[in-house]
Structures are given as structure tokens and as C-alpha cells.
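Below is one structure, written out as C-alpha cells; comments come after it.
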Amino acid sequence: MSIKDLTKKLKNRSYSSLYLLYGKEKYILEYTQKMIVQAVLDEGTADFNLSAYDMEEQSIAIAIEDAETLPFMGDYRVIIIQNPYFLTGARTMSKVEHDLKRLEAYLNNPSEQSIVIFNAPYEKLDERKKIVKTLKKQGEVVQADKMNVRLQKEWIDFAAKEANVSISNGAAERLIQLQGDNLALLISEVKKMALYVGEGKEIDPQTVDELISRSLESNVFTMVEHVANRRIDAALRICYDLLKQNEEPIKLMALLSRQFRIILQVKQLRAQGHAEKAIASTLSIHPYAVKIAAKQSSSFQEDELKALLIKSADADFEMKTGQRDKTLTLELFLTGLAQKPQTN
């Protein structure tokens, strides 16, 4: 079930007695759980009718007893089952014993006045287990997978609308570029920018650049962008700013080398006819990183990139063996990029 479909059902007070939320995207799990709780329970009775049980520390039997108890001064009770590891095939250090037969019996005949939410922060469940099959059959399921760029943009747009602002496509892309794929952080930054621009206004790329602090990798992307356009002074300014922030020259050299390697790999794979999505999967990197590398690759010949990688490896060796001051070596590497590398 999609978040959109679930939202519609909750607004219509169409509740399920059982909800299974699972996946590795923590923000979606927490958001969905909160949405269900707020839809079902009145603020005044939540203290009496909301309970949470950690399956690594407490028995499922206790949670079931709670679910079978009538709500107090309200229409429903909400019981949250946290870390239900018995839905997976993973081993655990927990010594808590769970009566899964009793759980199965409850799943087949849940209380109409209790809503049980299974919050399972796992990438996969063990689909062979009868308990998993029963839960999926009897309840509503929301899967919170790690998201691709399209879904991230949808959530960013959704967060902007919730804050009564809009965000341009370019601003959303820029935000992902600067902050990466941590959805909770992306949503938090959208809320911050919404307060800045004010209700009814639009968040544009300039707003993102003004308000969002750059991650280290984002700064390296920008440094390489400057190098690609032979703006070495601008690349050096970013480098000096990072060094003032006590970033290690060897680490910066490694990140630069990594980005040049990605650009080379993307260039080669695109030449072979691979699409950006397939390249991202092959290289195990974020699709937006592929998009950036593809754009940057047009500024380099393949032989140039190979020469740059050799040069960066030499610089790394000089740094690690103490043949030359680390900061000076990094500076010389960057200034040497003002001219196109000599290739055979």
C-alpha cells in the first residue's frame, strides 16, 4: 500500500486492525506509524490507549494481552510492536521467548477495538514463515524501501506542500546533491527552508544554496565541476575552506580520486549503451551521483581521466610516504589540473 492510499483511508476513518510497516527507510516507518496513531487516537486519550513493546526485550504475549484489553475512554487502543525480529530469518541475541502460535491465533481473529502496528526496520522478511504470510494477508502493508531519486523528489514535494510552500524541481535536485539520500535529513531541510521563504512561496535552487550546508562529498563534486571547467582558483578556494575545517588532505585526495574514477567508469559504461539507472546499480552509487558524473564526463577524454588517476595515485603515495608535505601535494595536484593532462 502506498502512503497516499493509506492517507486517504485514514482520513475516511477506514482503519485496519493490523498494520505491517517494514523496510530500511527509517523516516517512512516513523512517519507512517505517527500518521496512524494521530488518525486513530484523540490527543486527550492517547496516554491511556497507546502502548509500545520491544520484541527484543518483551514477550509478544504481553502485547497481545494489551491488544485484547478494551480501550479506556476512547474507541480504540493502539499497540506498537517494535523490532519483531521473528518475522525475519535473522538470528538475535535476545533471550525473550515468543509464543508465535498465540500471535498467529490473534492475527487470524484480531480485536476490532485494537490497532496493532508491527514496526519492522528490516530490508526483508522471511516470506516462508507462516506468521509472515498470515500478517500480510490479514493486515495492511507499507514497505519502506530505500528510495530512488524520483521517490525522494515526491517526498520532498510532499513535505513542501505540508509546510504550505512549493519547491522547484531544480531545487529538489540540488538539495539531494548537497545532502545525499538521507530522507529524514532532506525533509528536515525542506521544513527549514519553508520557514525561511514563508507560506505560499517557492523554494528555488538559490534558496537551497543559501541555507543548506554542503556535505564533504558535495564539496568534492563541486571541486571536480570547477576542475572540469578549468576553474582551478575556485577549486582551490573550496579546498582551502575544507582544510580550515580540519579535513585531512589524504582524505580529500582519496575523494577526488574516487570521483575521477566514477567519472571514467560512467563514461565507459555510457559509451557501451548503459542507462543511468543501470550504471547506478552496477557501480552501487546513488543515481544522482551518476547524473553528475555523466555531466562532468563530457569535459574529459577517457585518456585524460586515466592520466588523472595515475597522477592522483602518485600524489597519494607521496603523501603517505612523507616524500612531500600533504597540503602542498594536494595544492600541486589541483594547480596541475589547470592544463589538460598529457596522454599517450
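Values reported hereafter were calculated over all heavy atoms of this structure, with side chains retained and with hydrogens, waters and symmetry mates removed.
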(Q) Between I80 and Y122, is there shared hydrophobic-cluster membership here, with clusters defined by ILVMFWY side-chain heavy atoms closer than 4.5 Å? (A) no

Q: Enter the distance from T327:OG1 to M253:CE here, rounded to the nearest 0.5 Å.
A: 12.5 Å

Q. So which heavy atom on A39 is nearest to which on L10, and how close?
A. CB-CB, 3.9 Å

Q) With a 4.5 Å limit on heavy-atom distance, are the side chains of I176 and I156 in contact? A) yes

**Q.** Results of side chain to side chain contact (heavy atoms under 4.5 Å, CB included) for Q138 - residues two or more places apart only
**A.** L18, N108, T134

Q) So do K9 and D5 actually touch side chain to side chain, heavy atoms under 4.5 Å? A) no

Q.
Run the salt bridge (charged side-chain N to carboxylate O under 4.0 Å, His left out) test against K124 and tell me which residues pass, sequence neighbours left out.
A. none

Q: Specify the closest pair of heavy atoms between P71 and R77, including all atoms of both residues, with the distance to one decimal.
A: CA-CG, 3.3 Å

Q) Is any side-chain heavy atom of L255 closer than 4.5 Å to a side-chain heavy atom of E247? A) no

Q.
Tell me if the CD atom of Q272 is crowded by more than 12 foreign heavy atoms within 6.0 Å.
A. yes

Q.
I'd like to know if E189 and K192 make a salt bridge, using a cut-off of under 4.0 Å between side-chain N and carboxylate O.
A. yes

Q) Are I232 and L242 connected in the hydrophobic side-chain network, where two residues link if heavy atoms are under 4.5 Å apart? A) yes

Q.
When you measure from the side chain of K267 to the backbone of F300, do you find a donor-acceptor pair of N or O atoms at a distance under 3.5 Å?
A. yes

Q | Salt bridge K34-E30, side-chain N to carboxylate O under 4.0 Å | A | no

Q) Is there a side-chain contact between I79 and S114, using heavy atoms and a 4.5 Å cut-off? A) yes

(Q) Quick check: is L195 connected to V197 through a chain of hydrophobic side chains (ILVMFWY, heavy atoms under 4.5 Å apart)? (A) no

(Q) Regarding R102 and E68, does a basic nitrogen lie under 4.0 Å from an acidic carboxylate oxygen? (A) yes

Q. Tell me, do I36 and T32 make a side-chain contact under 4.5 Å, heavy atoms counted?
A. yes

Q. Do the non-hydrogen side-chain atoms of I262 and R258 ever get within less than 4.5 Å of each other?
A. yes

Q) Can you find a side-chain donor-acceptor pair between Y19 and Q33 that sits under 3.5 Å? A) no

(Q) Can you tell me how far apart CD1 (I187) and CD (Q152) are? Round to the nearest 0.5 Å. (A) 9.5 Å

Q) If every non-hydrogen atom of A194 is compared with every non-hydrogen atom of V165, which pair is closest and at what distance? A) CB-CG2, 3.7 Å

Q) Near E112 CD, under 6.0 Å, is it more than 12 heavy atoms from other residues, nucleotides or ligands? A) no

Q: Of all the heavy-atom pairs spanning L264 and L305, show the shortest one and how long it is.
A: CA-CD1, 3.7 Å

Q.
Nearest 0.5 Å, please: how far is CG in L186 from OH in Y27?
A. 10.0 Å

(Q) Could you go through K161 and D157, starting from their C-alpha distance and side-chain angles, then the distance that decides it, and tell me whether this counts as salt bridge (Lys or Arg N to Asp or Glu O under 4.0 Å)? (A) CA-CA 6 Å; K161 287 179 179 177; D157 186 60; 3.3 Å; yes

Q) Would L243 and E331 count as a side-chain contact (heavy atoms from CB on, under 4.5 Å) if you check the C-alpha gap in whole Å, the side-chain angles of each, and the deciding distance to 0.1 Å? A) CA-CA 11 Å; L243 291 172; E331 290 174 336; 5.5 Å; no

**Q.** Nearest-0.5 Å distance, CG of residue L308 to CG of residue D303
**A.** 11.0 Å

Q. Applying side chain to side chain donor-acceptor pair (under 3.5 Å), which residue pairs with at least one partner in residues 163-173 are found, sequence neighbours left out?
A. K153-N169, K153-E173, E173-K291

(Q) Quick one about T69 and D66 (side-chain donor to acceptor, distance below 3.5 Å, no hydrogens or angles considered), yes or no? (A) no

**Q.** Evaluation steps, side-chain contact (heavy atoms from CB on, under 4.5 Å), between Y31 and E25
**A.** CA-CA 10 Å; Y31 179 91; E25 186 52 76; over 6 Å; no

Q. Can you list the residues that meet the side-chain hydrogen bond (donor to acceptor under 3.5 Å, both in side chains) rule with K137, with sequence neighbours excluded?
A. none

Q. Side chain to side chain contact (heavy atoms under 4.5 Å, CB included) with F118: which of N83, L21, L107?
A. L107

Q: Could you please spell out the steps behind the side-chain contact (heavy atoms from CB on, under 4.5 Å) verdict for V132 and L20?
A: CA-CA 10 Å; V132 174; L20 170 60; 5.6 Å; no

Q. Just wondering, are more than 12 heavy atoms of other shown residues or ligands nearer than 6.0 Å to CD in E248?
A. yes

Q: Indicate yes or no: does D126 engage R128 in a salt bridge with an N to O separation below 4.0 Å.
A: yes

Q.
Given 3.5 Å as the limit, does a donor-acceptor pair link the side chain of H274 with the main chain of I279, or not?
A. no

Q: Go through the structure and list residues passing ring-ring contact (aromatic ring centres under 6.0 Å, His included) with Y53, not counting sequence neighbours.
A: none

Q) Among all residues two or more places apart in sequence or in another chain, which pass the ring-ring contact (aromatic ring centres under 6.0 Å, His included) test with F48? A) F72

Q: Report, as yes or no, whether the 6.0 Å neighbourhood of atom NZ on K129 holds more than 12 heavy atoms from other residues, nucleotides or ligands.
A: yes

(Q) Could you check whether any side-chain N or O of S281 sits under 3.5 Å from a backbone N or O of A278, counting only pairs where one atom can act as donor and the other as acceptor? (A) no

Q. If two hydrophobic side chains count as joined below 4.5 Å and joins carry through other members, does F333 share a cluster with L252?
A. yes

Q. In terms of hydrophobic clusters joined by side-chain contacts under 4.5 Å, are M55 and V96 together?
A. no

**Q.** From CD1 (I131) to NZ (K136), nearest 0.5 Å
**A.** 13.5 Å

Q. Is the closest side-chain heavy-atom distance between P110 and V116 below 4.5 Å?
A. no

Q: Could you check I292 against K295 for side-chain contact (heavy atoms from CB on, under 4.5 Å), going step by step and ending with a plain yes or no?
A: CA-CA 5 Å; I292 294 172; K295 180 182 176 183; 5.8 Å; no

Q | Sidechain-backbone polar pair: T329 side chain, D325 backbone, donor-acceptor under 3.5 Å | A | yes

Q: Kindly indicate whether the side chain of L334, heavy atoms from C-beta on, has any atom under 4.5 Å from the side chain of M223.
A: yes

**Q.** L309 backbone acceptor or donor facing S312 side chain under 3.5 Å
**A.** yes

Q.
Looking at every heavy atom in both A120 and L125, which two are closest together, and how far apart are they?
A. CB-CD2, 4.4 Å

Q: Enter the distance from Q296:CD to H226:NE2 here, rounded to the nearest 0.5 Å.
A: 10.5 Å

**Q.** Shortest non-hydrogen contact between D204 and A171, atoms and distance
**A.** C-CB, 3.5 Å

